[in-house]
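Below: one structure, written as structure tokens.
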There are 2 protein chains.
Amino acid sequence: MSQRKIRNMEQFAALSGLSRPTVSKYFNDPASVRPATRERIEAALERYDFRPNIYAVNQNRSLTKNVGIVVPYLADPFFAEIARIIQRRCIDAGFAPILYSAHGEMKLENEILEGLTALKPAGVFLAPLGRLSDRAAVARFCRDVPTVLFDSNIEDMGEAFVGSDNHSFVEQTVDYLCRTGAPPCFFEMRTPANPNANKRRNAYLRVMEEAGHEPRVVQIEGEGWAFEEIGRRGTHEILDSGGFATDTVLCSNDRLAIGLLSACYERGLRVGRGDGCALRVASHDDHPFSRFTCPSLTTAAHEYEAVADKCMETLFSLIEAGGRFSTRTETLIPARLILRASA
Amino acid sequence: MSQRKIRNMEQFAALSGLSRPTVSKYFNDPASVRPATRERIEAALERYDFRPNIYAVNQNRSLTKNVGIVVPYLADPFFAEIARIIQRRCIDAGFAPILYSAHGEMKLENEILEGLTALKPAGVFLAPLGRLSDRAAVARFCRDVPTVLFDSNIEDMGEAFVGSDNHSFVEQTVDYLCRTGAPPCFFEMRTPANPNANKRRNAYLRVMEEAGHEPRVVQIEGEGWAFEEIGRRGTHEILDSGGFATDTVLCSNDRLAIGLLSACYERGLRVGRGDGCALRVASHDDHPFSRFTCPSLTTAAHEYEAVADKCMETLFSLIEAGGRFSTRTETLIPARLILRASA
DNA sequence: CCCAAAACTTGACACGCGCAAAGATTATTC
DNA sequence: GAATAATCTTTGCGCGTGTCAAGTTTTGGG
């Protein structure tokens, strides 16, 4: 490799014995130049290791190759995992994904959206904070940037939504629990940030009624994203004041369940479906750690890959459609029940 | 707010009744213009909502406001947490942090570094993969971009290193365990990806010898980043073949410990320091979930905030120094012992 | 070998802003 | 109120690439 540094495409074109416009064409679409020409460029590319200045490139483009991925809380392994998969898909598709986390704060989400607008991305995957989102700011963003909402739906916002079929999640866990023991009560936060929580509660109510069981919802207090601690404290409070109404608890999500299991352990309460167990616990999400709780957690799993694939597919057609869909589509992906030791 | 869209700074300057260079000065440093002028610009800003085109801005700046943050595996909550704090600090300091995860793959780490070079960042925080890193690629990157290594040290690479004082971590856990019961054996992966693992083993050997105890290292097989599963399987294998040499186990890191605790639970083996407990377990990192394991995990905690602060401080002085330090500094931050139920 | 089509070169303008020099206008100080 | 400093305006070049039009060369088919 030559030591000499290439300053711009002009120089590089000269070194490869071609004109700058031809080289420019190549970088925009390698298939648009004659094979022999492509080979010459690629040979030169190996020797001189030149990359077009992305700032100069994007200055004239109205549409960049950037794709934004915005999640509400990256320290939540569920989002880390889904972001990881989407990001990989973007790279494989030739896009430049940029990952952002709002860290649970509205202010930060707004800042991210504003900064992202300035990047002129080809498209954005946005999992909004939910209840804490600044709806006006999100709406403004969706107006300016082709956006696919995921995980957390906000009505009429973005060009499409890809998320979980919460009814499928709850139906499967409730069905299983009812089939194998007492009907579950439903354990959740009173004021959840995420709209999925409300959908899950409603699904629980419906499924229980359809099955002829009396639904019982247990709501605990707590704000923020420290779900495990909220679940742990809430469980202690419930156990201090008489315990759960049934011996079967269905948690709104795995992180609450992790806290619940932790509290049960602290009290010497055995959880599981065997003899000597005081409680059965199930949940939703298949959080990466739910395999390692004590006992391991029976849960309804997201189809991470399917969600990511559907997201990508949706964004592709959105980009091809020029950034707008005529009608907003909503895709809900069903769950997969995973039986483990807790229920 | 006027509906009319501002195309460029020229237009915006006209609308605020000023010249473009003055407005340009304002955006580069609001304090560099007269207060009266600033007010006029900010008034116009509220009415017209203009932002300089970042691509045009960065094209001419030799130094952008971008800061890269590269971690080896974002689905590991430890990295999610440290990245979160650093990112916030960057924003507060007026930088534009961009977060990347290599997802445990060398190929991806290389791609990230290449793409990051093209962004001409003011500086980069890099936590390399470690053993799996392409040393030549990392070296080349560090040559081109002002880099502060963190978490995982690679000799002589980057302008500075900020990480954990692994000796302090191990010293505190070993001391505590020896003081309160049997000296621990050391539980780790045979071929760890992260250099900290080796430092911890060496520290264990030294501290044990200094205390006059015989060190015992237990190594389990496994590749990749699924530490919990590796720890769980490894523990089962050990328990199948006679068990640990002592009733006290010190894990190299919390994620292995989570797997170990999971395996113990599956076998009905009680962990903790009370009567009827078969095993004491301690570890290192204060992983965000170690509070909720069963039992909760005694561990040596990273000073997340201190590490992040030191990282920022180092990058600031690096940027001020023009991207190069005359001598490479290494900062090691000691641990804080956190006593919980497992030991 | 000729001819049309395809692919290339040449030359030039555009993008939006940083930056610098020179002159004009304000603020500050004594 | 004059001298000085600070700030602003005007003018214009430069950054590296996209893109276009016109002209030139190469390619492939008959």
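Quick note on labels: first sequence line is chain A, next is B, and so on, each numbered from 1.
Using a 30° and 60° split on the angle between ring planes, B:Phe12 and B:Phe50 fall in the parallel class, below 30°. Taking the six-membered ring for Trp and thresholds of 30 and 60 degrees, B:Tyr55 and A:Tyr55 have ring planes inclined between 30 and 60 degrees apart.
Of the candidate nucleotides D:dT26, D:dG16, D:dT17, D:dT17 has the atom nearest to the side chain of A:Met9. Nearest nucleotide to the A:Ala56 side chain, out of D:dG16, D:dG18, D:dC8: D:dG16.
Salt bridge A:Arg89/A:Glu305: present, at least one basic N to carboxylate O contact under 4.0 Å. Salt-bridge annotation for A:Arg328 and A:Glu159: absent, with no side-chain N of the basic residue lying under 4.0 Å from a carboxylate O of the acidic one. With respect to B:Arg88 and B:Asp92, a salt bridge is recorded, a charged nitrogen being found less than 4.0 Å from a carboxylate O.
A side-chain donor-acceptor contact under 3.5 Å links B:Arg61 and B:Asn28. For B:Gln59 and A:Asn53, the side-chain atoms include no donor-acceptor pair closer than 3.5 Å.
For the pair A:Phe27 CZ and D:dG18 P, the interatomic distance rounds to 9 Å; values are reported in whole Å. Atom CZ in B:Arg38 sits about 15 Å away from atom C1' in D:dA6, given to the nearest Å. Per the geometry, OH belonging to A:Tyr55 stands 19 Å off C1' belonging to D:dG18, to the nearest Å. Spacing between atom CG of B:Asp29 and atom P of D:dT7 amounts to 11 Å, rounded to whole angstrom units. For the pair B:Glu10 CD and D:dG12 P, the computed distance is 13 Å after rounding to whole Å. Between A:Arg7 atom CZ and D:dG16 atom P the separation is 7 Å, expressed in whole Å. The distance between atom CZ of B:Arg40 and atom P of D:dT7, rounded to the nearest whole Å, is 16 Å. Taking atom CG of A:Asn60 as the reference point, atom P of D:dT19 lies 8 Å away to the nearest angstrom.
Helical stems involving DNA chain D, defined as 3 or more consecutive Watson-Crick or G-U pairs under 3.5 Å, span C:1-30 with D:1-30.
For the salt bridge (Lys or Arg N to Asp or Glu O under 4.0 Å) test, no residue two or more places apart in sequence or in another chain qualifies with A:Lys25.
A:Tyr26 comes within 4.0 angstrom of no nucleic acid atom, judged by non-hydrogen atoms across all strands. Counting any heavy atom pair closer than 4.0 Å across all strands shown, A:Asn28 reaches sugar-phosphate atoms only and no base atom.
Not a single donor-acceptor pair, N or O on each side, falls under 3.5 Å between the base of D:dT17 and the side chain of A:Asn53. Below the 3.5 angstrom threshold, one finds no donor paired with an acceptor across the side chain of A:Arg20 and the base of D:dG16.
Under the 6.0 Å cut-off for aromatic ring centres, A:Phe78 and A:Tyr304 qualify, their centroids lying closer than that.
A:Pro77 is listed as a side-chain neighbour of B:Pro77, based on a closest heavy-atom distance under 4.5 Å.
With DNA chain D read from its 5' end, the first of the two nearest nucleotides for A:Arg34 and A:Asn8 is the one closest to A:Asn8.
At least one side-chain nitrogen or oxygen of A:Ser24 sits closer than 4.0 Å to the OP1 or OP2 atom of D:dG18.
Taking the 5' to 3' direction, DNA chain C first and last meets chain A under 4.0 angstrom from a heavy atom at C:dA7 to C:dG16.
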